[in-house]
Amino acid sequence: MPELPEIEVLRRSLEPRLLGRRIVGVEVHTPALREPLDRRALRRRLQGQSILALRRRSKYLWIEVSGGSTLVVHLGMSGRLTLAPAGAPREAHEHLAFGLDSGERLRLRDPRRFGIAFAAPTAALARDPHFAGLGREPLDPPLAGPELSALARGCRAPAKAFLMDAKRLVGVGNIYASESLFAAGIHPARSVARLSAARWRRLAVAVVEVLERAIRAGGTTLNDFADGTGAAGYFQVELAVYGREGEPCPRCGAAIRRLVQSNRSSFYCPRCQR
DNA sequence: CGGGCGGCCTGGAGGC
DNA sequence: TGCCTCCAGGCCGCCC
């Protein structure tokens with residue numbers, strides 16, 4: 001669920017509330033999310049430091065602090081990173097929290113524990129294994145057809161799998177892959193090995209537009225996602241095909257179908273997508 | 001080496 | 001009402 005738009009919405013919601021704040025306490029409640037939480041490194045790198053910048057890379061949030069370190073957070077499937085007022089009780093599945101000089105607490109809740117959190121030297125992030133092999137950011141600058149086509153060089157995968165291959169293009173997960181392919185009129189099972197230039201152009205435009213619209217709508221909240229203030233997004237009401245098997249296509253009225261690819265559900269219109 | 005797929009994990013939905 | 005099964009999907013590792 002948290003794909004690029006959700007993390008960007010989270011980043012924008014937290015940025016004005018966190019910039020300049022000082023981290024006064026680091027609480028680690030759970031030994032491991034998807035990776036072990038390193039309590040000592042989190043404390044050593046973050047405690048007492050001021051928050052300088054919030055950035056996003058792929059589906060990761062980077063919170064850069066003074067002293068040369070950055071806190072990296074990935075929400076996995078069910079994570080929430082929210083600011084809690086002073087004195088708020090610990091919530092269920094709260095694994096990690098940072099006390100701030102404002103008295104608030106920045107806390108990570110993640111029932112399914114697919115998330116990731118660690119602190120690392122800012123200067124070494126580009127070489128960090130989490131980031132070294134990542135592909136192109138689709139929005140900065142906005143992707144165009146020829147470049148998307150070039151990213152697919154040597155790739156014969158179905159279009160759905162290509163869009164979700166973070167080594168080539170980051171940020172597009174299961175929901176926005178289905179939505180982008182619908183917007184471009186491309187069948188999710190079509191191989192990208194021989195797509196026309198016109199189709200590459202339509203796909204690039206579709207990816208950029210879908211992601212930007214989702215950001216403007218505050219992201220997609222199906223179950224878990226909320227921004228840093230706890231607010232849900234509302235792009236779920238604008239989804240054209242995702243999760244709508246059997247419903248009429250918003251463009252042509254044909255029944256939307258579901259297809260399983262790589263153990264993931266893809267949704268598409270059999271008439272509009274070829 | 002590209003690509004498919006299982007596993008990690010829990011809550012919620014649906015069937016009986 | 002309660003128990004069971006299934007499903008959700010980001011990402012890594014395994015396998016063909």
Side-chain angles (χ1 to χ4, degrees), chain A residues 1-11 29-37 56-62 72-81 91-96 108-118 128-135 137-138 150-181 188-195 207 210-211 214 219-226 232-233 235-236 239 241-246 256-268:
Chain A
M1 263 155 285
E3 305 179 27
L4 183 152
E6 286 71 37
I7 306 309
E8 184 58 26
V9 166
L10 174 68
R11 190 194 70 76
H29 305 303
T30 303
L33 300 181
R34 201 157 65 74
E35 298 171 3
L37 289 178
R56 178 191 56 74
R57 173 70 172 120
S58 184
K59 299 167 187 170
Y60 294 83
L61 180 67
W62 290 0
V72 175
V73 175
H74 191 292
L75 297 185
M77 303 292 305
S78 58
R80 259 186 204 205
L81 186 67
E91 58 185 350
H93 307 291
E94 181 183 316
H95 306 306
L96 173 65
L108 177 65
R109 172 195 114 106
D110 183 5
R112 294 175 63 183
R113 289 190 274 125
F114 277 24
I116 294 173
F118 64 95
D128 185 281
H130 294 88
F131 307 112
L134 288 183
E137 287 287 336
L151 289 174
R153 267 163 61 101
C155 180
R156 282 160 292 125
K160 172 84 174 332
F162 163 70
L163 286 180
M164 293 177 64
D165 182 353
K167 291 180 178 57
R168 300 175 186 271
L169 179 73
V170 302
V172 179
N174 206 45
I175 294 173
Y176 297 116
S178 277
E179 291 297 307
S180 298
L181 289 167
R190 173 176 282 270
S191 167
V192 296
R194 284 171 47 251
L195 276 189
V207 166
V210 164
L211 296 178
T220 298
T221 299
L222 294 179
N223 292 303
D224 300 293
F225 175 70
F235 194 68
Q236 61 279 7
L239 295 172
V241 290
Y242 182 84
R244 301 197 185 282
E245 183 181 17
I256 290 163
R257 289 193 192 157
R258 187 175 82 97
L259 165 74
V260 176
Q261 297 176 280
S262 310
N263 267 354
R264 300 283 180 273
S265 289
S266 301
F267 297 88
Y268 68 102

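Proteins get letters first, then strands, A, B, ... in listed order; numbering begins at 1 in each. Worth knowing before you read on, the calculation uses all heavy atoms, side chains too, and leaves out hydrogens, waters and symmetry mates.
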Interatomic distance at P, C:dC11 relative to B:dC1, whole Å: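 One P to the other, the span is 23 Å.
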Is there a side-chain polar atom (N or O) of [X] under 4.0 Å from OP1 or OP2 of [N]?
X	N	value
A:Arg112	B:dC8	no
A:Ser262	B:dG4	yes
A:Ser78	B:dG11	no

Interatomic distance, A:Arg57 CZ vs C:dG10 C1' [rounded to whole Å]: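 The answer, rounded to whole Å, is 16 Å.
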Length of the CG-P vector between A:Leu222 and B:dT10, whole Å: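 One finds 21 Å between P of B:dT10 and CG of A:Leu222, rounded.
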B/S/- contact track for nucleotides 11-16 of chain C, protein heavy atom under 4.0 Å: BS----
Set of residues satisfying ring-ring contact (aromatic ring centres under 6.0 Å, His included) with respect to A:His130, sequence neighbours excluded: A:Phe118
Residues which pass side-chain contact (heavy atoms from CB on, under 4.5 Å) with A:Asn174, listed by chain and number, not counting sequence neighbours: A:Lys160, A:Met164, A:Tyr242, A:Arg264
Contacts of type side-chain contact (heavy atoms from CB on, under 4.5 Å), residue A:Arg57, not counting sequence neighbours: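 Residues passing side-chain contact (heavy atoms from CB on, under 4.5 Å) with A:Arg57: A:Trp62, A:Phe131, A:Leu134, A:Glu137, A:Val170.
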Residue met sooner reading DNA chain B from 5', once A:His93 and A:Ala157 are mapped to nucleotides: A:Ala157
Residue closer to the 5' end of DNA chain B, A:Arg113 versus A:Asp165 (nearest nucleotide):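 Between the two, 5'-proximity favours A:Asp165.
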Sugar-phosphate, base or nothing in reach of A:Asn174, heavy atoms under 4.0 Å: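 It contacts sugar-phosphate atoms only.
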Watson-Crick and G-U pairing of DNA chain C written in dot-bracket, each distance under 3.5 angstrom, with | for inter-strand partners: .|||||||.|||||||
side-chain hydrogen bond (donor to acceptor under 3.5 Å, both in side chains) partners of A:Thr30, counting only residues at least two apart: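 Once residues adjacent in sequence are excluded, the partners of A:Thr30 under the side-chain hydrogen bond (donor to acceptor under 3.5 Å, both in side chains) criterion are A:His95.
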